Amino acid sequence: MDIPKTYDPKEAEQQHYTRWEAQGCFAPEINRDPSAPVYSIVIPPPNVTGSLHMGHALQHTLMDVLTRHKRMCGYRTLWLPGMDHAGISTQLVVSRELKKEGLSRHDLGREKFVERVWQWKHESGGQILKQMRREGASVDWSRERFTMDEGLTRAVREVFVRLYEEGLIYRGKRIVNWCPNDQTVLSDLEVDKTPQAGKLYYLQYPVKTANGEERRVTVATTRPETMLGDTAVAVSPDDERYKELVGSTVLLPLTSREIPIIADEYVEAEFGTGAVKVTPAHDPNDYDMGVRHDLPQIVVIDQHARMTEDAGALFAGLDRYKARELVVQKFEELGLLEKVVDYEFSISKCERCKTVIEPLISTQWFCRMDELRDRALKLMSDEKKPRFTPEVPYEKVYTDWLENLRDWTVSRQLWWGHQIPAWYTEDGQVIVARSEEEARAKAGTGELTQDADVLDTWFSSWLWPFSTLGWPDETADLKTFYPTSVLITARDIIFLWVSRMVMAGMKFIGETPFQDVFITGTVLDKHGQRMSKTKLNGIDPMDVFDKYGVDATRLVLASVGSTDTRWNDNQVESYRNFANKIWNAARFCLMNSEGATVGKGFEGDHDKWALHDRWIISRLNKTAREVDEALTQYQFHEAVQTLYHFFWDDFCDWYIELTKAEVTAEQSSPERDAARSRVISVLEQALRLLHPFMPYITEELWQRLPGIDGKLLHPAYTGAQPTIMLTMYPQSDSSSIDEGAESEMSAVIELISRVRNIRSELSVKPGDRVRVMVGASEESLREVFAANRDQIARLARASEIQINERLDAPRASARAVLAGGAEVAVPLEGLIDFEQERERLAREREKLEKEAAKLEAQLANPQFAERAPAEKVGEVKERLADIAQRTRAHQQMAEALK
RNA sequence: GCCCGCUUAGCUCAGUUGGUAGAGCGCUCGCUUCACACGCGAGAGGUUUCGUAGGUUCGAGUCCUACAGCGGGCACCA
């Protein structure tokens, strides 16, 4: 048998994925059971411009673990992949490419530019999907979707038309977030507020008084250039200082305008000077005030962030920052600049290009959210859907945000995206329709111009859970896979995406798009910083795959789950070692596989099996149960820990060692065949348990096991090519969980450990065999030790094991106490240093005494005995009795040394 | 300003109905024992202890209150 000593992940990672894919293992159609339950997940569509980062790898790992697990449990499983067209990002990427050729998108024109984007998409887009194959993601590629696909575009138009017809979508003139660089409007969610050090300018406006008396009102601003568009000065209605001025006017410097002083609740008397300049055309709060007081809106900054004609001849055409300097300079010359102070404030920047946002009044399309919002909130309050994991804090974050939701700006001044299905007649009539033909029919004329804007990228994403399944058609996929089972995503798109999907799902299907929402943690760098492109502190998952293997990386990511975790190569290394351990355990089984058959060896009366066989089957079933429970509750870390310890501690450290003598016997025999079959069968079950987490190594090893064929597949997949991913996930059988075997095994393990401890502490040479004398008053315990005499001798490196009712060891023996009142002694004539041994025993006794003192204090408290449940009191008494027994034995041992 | 999370062994983190503090890495000692040195065996390490101070309870890492440090979200910012 030619198996390398070290597992090389690369080979397995190259082979199996293409085979799985080619054989259709990822598609739900592989399941032949018409009554099979359904499990479905839609991927959060990554941007077409994106490449794989740790956040994706984390989400994908969790989705794949769940999908593979359910598939092995016989579910009709769909994990649907796809991508988002990512309007602004993609347009930026392609524009940048054009720029290298000295062109702008305007040079090409809209049609050619969009063609160019599609070309880019085909050639360089979707790197991430290739990388997903390496991750082992078992997505159904036959159902891959893109938000600009024909079908999804149809869904977008359908939704737009329906919402428009219901009056939920409307066109209006409002103040919006404008990015002067990208030349488009942005929703509030696409704007980053970043703190910035700046200046606060105190400007004085002369008041026009009846008697010609000189009086000035001071206003403060961080944007002096906007004063050119001021149409009022506002003060608090309760402010005594200004009360008499309300109703009078000020002469706005640098302009020939006279503007009123108004009173508005928005102004806080205590803040700043208590007087606020009001620029309705360039500030959202001022806009609202302007509406309240019917103030004119004077636009002084245009879409390129340059000053308009209305800003006055002196300023027209200037950049906003140049204009700022000039305004300040002019105020200074006029003696109206009171002071300039340093000031820290938040500034709104475009999420994509980081340009400072300019609030502008503009005509855009909006979606009214109150009705949609109320339905989502009701779903949460009445039915607690969707169920968030972790529930704290995300359920509250979600509902709080919904409660304060405002209308959604859905139009964007871009070329890449879903063009708004609205047409205008020559006389300005608006026709909203599913197609141009429909629009012509509605308008009764062919002379139509389509709205030039496109829809916000999220306007297609919010339909993703059903548009990908064929909606608005009543497709079989929609009926089968909607609602999806769970959504796994990052917390930063709960508002942008998760909440909107719930609203769209309720509105158009009448049902929540997913039962559960699992929010992943964030993978941070080793200093606890977020990984980001600008900080260059990101760790590329592909590099980690190359270095440690995909399976090891997946275990780390599964352990991350929902907690923020600092990335640490040590952890991947430890799981790389685990993969190697699995490899070598299998290597051992395969080197001793002659005569073995997977699935055999555990025949006959369970009670007659050897202890270690009953024990490992019990451990296997408990592990299956715990993994199942952990996954049901999305406790991925728990599942990984359980599997790790089952495989390494129970299976490798104990089961293989306990059976080694039988398995490696030189003479072939039915007993040897059976022992070999048992160990390889347990291995096979363990590989199945591990498969959702470690798809590659488990498949690689499973394929090598003797006797692998289609018969091992889950009944739902009968007829498929043999692969571990279509076997049945081990189900816990409570009748195989044998507490008796587990406690007997603990006694054996404890005995071996105590002898090993003595050997090590007293520096017995590893090769030296020792005599082990056991004294146990309980007959059943003596029987357990006797039945496992050979294994104990082997693992404790003993020449013989003497088992008696009472311990009768030579004076020169090292001793230890076991549970159940048993004792063990290792005669070490000539080796033992009496003083050293007394000290060792004293140390152990000290530990016992400490624990006993603690328990005694607890029992001595009358309140405890009175109020604690009898079961707990009994437990403490039992433990104390055990310690007392051990302490007595210790005293006798110390006596024996004298 | 409002809301939330985190603070447990040197490091990274588990600890889900309150009931004997755990893992991996690192460290110490001993081993090339015929699957594996990416390994095997043994051990130290948390001041009666889980950021600090109180409280509830027979009993608190776990529940409550306040505070501190770190991190996150939202709002405002003339």
Side-chain angles (χ1 to χ4, degrees), chain A residues 3 5-7 193 195 200-203 218-223 233-234 266-268 271-279 283 285-286 343-347 390 392-394 396-397 400-401 404 491-492 494-495 522 524 526 528 530 548 552 559-560 563-571 573-592 633 635 637-638 640-641 644-645 652-653 656-657 660 664 752-753 756-761 763-767 794-795 797 850-851 853-855 858 861-869 871-873 875-876 879:
Chain A
I3 306 171
K5 282 188 176 185
T6 306
Y7 171 54
K193 302 268 174 79
L200 188 62
Y201 303 85
Y202 287 75
L203 309 179
T218 306
V219 295
T221 181
T222 55
R223 297 190 298 154
V233 169
Y266 166 75
V267 182
E268 288 173 44
F271 197 95
T273 64
V276 182
K277 61 189 275 308
V278 183
T279 323
D283 182 277
N285 294 309
D286 294 3
Y343 189 65
E344 174 137 345
F345 60 102
S346 296
I347 195 157
V392 177
Y394 300 115
K396 191 166 151 52
V397 166
D400 283 357
W401 183 78
N404 298 308
R491 61 169 156 259
D492 51 356
I494 292 177
F495 307 147
T522 308
L524 307 166
K526 64 178 171 184
R530 276 186 101 88
Y548 299 104
S559 303
V560 168
T563 37
D564 291 359
T565 310
R566 299 177 186 210
W567 187 262
N568 188 340
D569 265 10
N570 286 340
Q571 217 189 335
E573 204 175 312
S574 117
Y575 285 126
R576 188 269 321 261
N577 295 351
F578 179 51
N580 200 54
K581 187 72 181 176
I582 297 170
W583 182 259
N584 277 290
R587 183 166 179 262
F588 170 79
C589 294
L590 292 169
M591 284 166 71
N592 298 289
Q633 298 167 69
Q635 290 177 9
H637 179 271
E638 184 72 23
V640 170
Q641 288 304 304
Y644 183 96
H645 291 293
C652 293
D653 287 351
I656 288 184
E657 294 304 330
K660 203 170 244 179
T664 59
I752 293 167
S753 299
R756 282 172 171 176
N757 172 259
I758 287 169
R759 295 181 60 111
S760 179
E761 297 250 324
S763 305
V764 175
K765 287 200 186 75
R794 182 184 162 95
L795 298 188
R797 312 205 123 231
K850 268 190 187 168
E851 211 185 327
K854 202 155 111 186
L855 295 174
Q858 200 175 353
N861 182 348
Q863 306 267 43
F864 175 67
E866 231 170 83
R867 306 204 185 176
E871 186 191 314
K872 286 291 164 196
V873 178
E875 224 172 78
V876 171
R879 272 168 46 211

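Note on naming: letters A, B, ... go to the chains in the order of the sequence lines (proteins, then strands), and numbering restarts at 1 for each one. Source: prediction; values computed, not measured.
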Quick one: label [X] by what it contacts on the DNA or RNA (base, sugar-phosphate, nothing), any heavy atom closer than 4.0 Å.
{"X": "A:Ser346", "answer": "base"}
{"X": "A:Thr221", "answer": "sugar-phosphate"}
{"X": "A:Tyr575", "answer": "nothing"}
{"X": "A:Leu855", "answer": "nothing"}
{"X": "A:Val267", "answer": "base"}
{"X": "A:Lys765", "answer": "nothing"}
{"X": "A:Glu638", "answer": "nothing"}
{"X": "A:Asn404", "answer": "nothing"}
{"X": "A:Arg879", "answer": "base"}
{"X": "A:Pro869", "answer": "base"}
{"X": "A:Ser559", "answer": "nothing"}
{"X": "A:Glu573", "answer": "nothing"}
{"X": "A:Thr664", "answer": "nothing"}
{"X": "A:Asn570", "answer": "sugar-phosphate"}

**Prompt:** What heavy-atom pair brings A:Ala585 and A:Ile656 nearest, and what distance separates the two atoms?
**Reply:** CB-CD1, 4.1 Å
Both distances under 3.5 Å, Watson-Crick or G-U wobble: report the partner of [N], or none.
{"N": "B:G1", "answer": "B:C74"}
{"N": "B:U48", "answer": "none"}
{"N": "B:U7", "answer": "B:A68"}

Counting only side-chain heavy atoms from C-beta out, which of [options] sits nearest to [X]?
{"X": "A:Phe271", "options": "B:C13, B:A78, B:C40", "answer": "B:A78"}
{"X": "A:Arg576", "options": "B:C38, B:C76, B:A35", "answer": "B:C38"}
{"X": "A:Asp653", "options": "B:G19, B:G41, B:A23", "answer": "B:G41"}
{"X": "A:Val392", "options": "B:G5, B:A78, B:C3", "answer": "B:G5"}
{"X": "A:Asn577", "options": "B:C25, B:C36, B:G39", "answer": "B:G39"}
{"X": "A:Glu657", "options": "B:C36, B:C74, B:A78", "answer": "B:C36"}
{"X": "A:Pro393", "options": "B:A42, B:C4, B:C36", "answer": "B:C4"}
{"X": "A:Pro766", "options": "B:G19, B:G30, B:C36", "answer": "B:G30"}
{"X": "A:Met591", "options": "B:G43, B:C31, B:A35", "answer": "B:A35"}
{"X": "A:Phe495", "options": "B:A42, B:C25, B:G73", "answer": "B:G73"}

**Item:** No-H, no-angle donor-acceptor pair, A:Glu875 side chain to B:U20 base, under 3.5 Å
**Value:** no
**Check: A:Lys5 side chain, B:A35 base, donor-acceptor under 3.5 Å** = no
Could you measure between the two [atom1] atoms, the one in [N] and the one in [M], and give it in whole Å?
{"N": "B:G15", "M": "B:U62", "atom1": "C1'", "result": "9 Å"}
{"N": "B:G43", "M": "B:G51", "atom1": "P", "result": "29 Å"}
{"N": "B:A68", "M": "B:G24", "atom1": "P", "result": "38 Å"}
{"N": "B:C70", "M": "B:C27", "atom1": "P", "result": "32 Å"}
{"N": "B:U12", "M": "B:C74", "atom1": "P", "result": "27 Å"}
{"N": "B:U48", "M": "B:C2", "atom1": "P", "result": "40 Å"}
{"N": "B:G30", "M": "B:U47", "atom1": "C1'", "result": "31 Å"}
{"N": "B:G54", "M": "B:C11", "atom1": "C1'", "result": "32 Å"}

**Message:** Do A:Val276 and A:Phe271 have side chains that approach each other closer than 4.5 Å (heavy atoms only, starting at C-beta)?
**Reply:** no
**Flag side-chain contact, heavy atom, 4.5 Å: A:Val233 against A:Val278** = no
**Spacing of A:Lys277 atom NZ and A:Arg223 atom CZ [to the nearest 0.5 Å]** = 7.0 Å
**Prompt:** Just how far is it from atom CG of A:Asn580 to atom OH of A:Tyr575, taken to the nearest 0.5 Å?
**Reply:** 16.0 Å
**Item:** Residue met sooner reading RNA chain B from 5', once A:Asn861 and A:Gln633 are mapped to nucleotides
**Value:** A:Gln633
**Residue whose closest nucleotide on RNA chain B lies nearer the 5' end, A:Gln641 versus A:Arg794** = A:Gln641
**Donor-acceptor contact below 3.5 Å, side chain A:Arg879 vs main chain A:Leu855** = no
**Prompt:** Taking OH from A:Tyr201 and C1' from B:A78, how many angstroms apart are they, rounded to a whole number?
**Reply:** 15 Å
**Complete:** Rounded to whole Å, the CZ-P distance (A:Arg566 to B:U7) equals 12 Å
**Prompt:** With a 4.0 Å cut-off, would you call A:Asp564 and A:Arg491 a salt bridge?
**Reply:** yes
**Message:** Would A:Lys660 and A:Phe588 count as a cation-pi pair here, with the cationic atom under 6.0 angstrom from the ring centre and within 45° of the axis?
**Reply:** yes
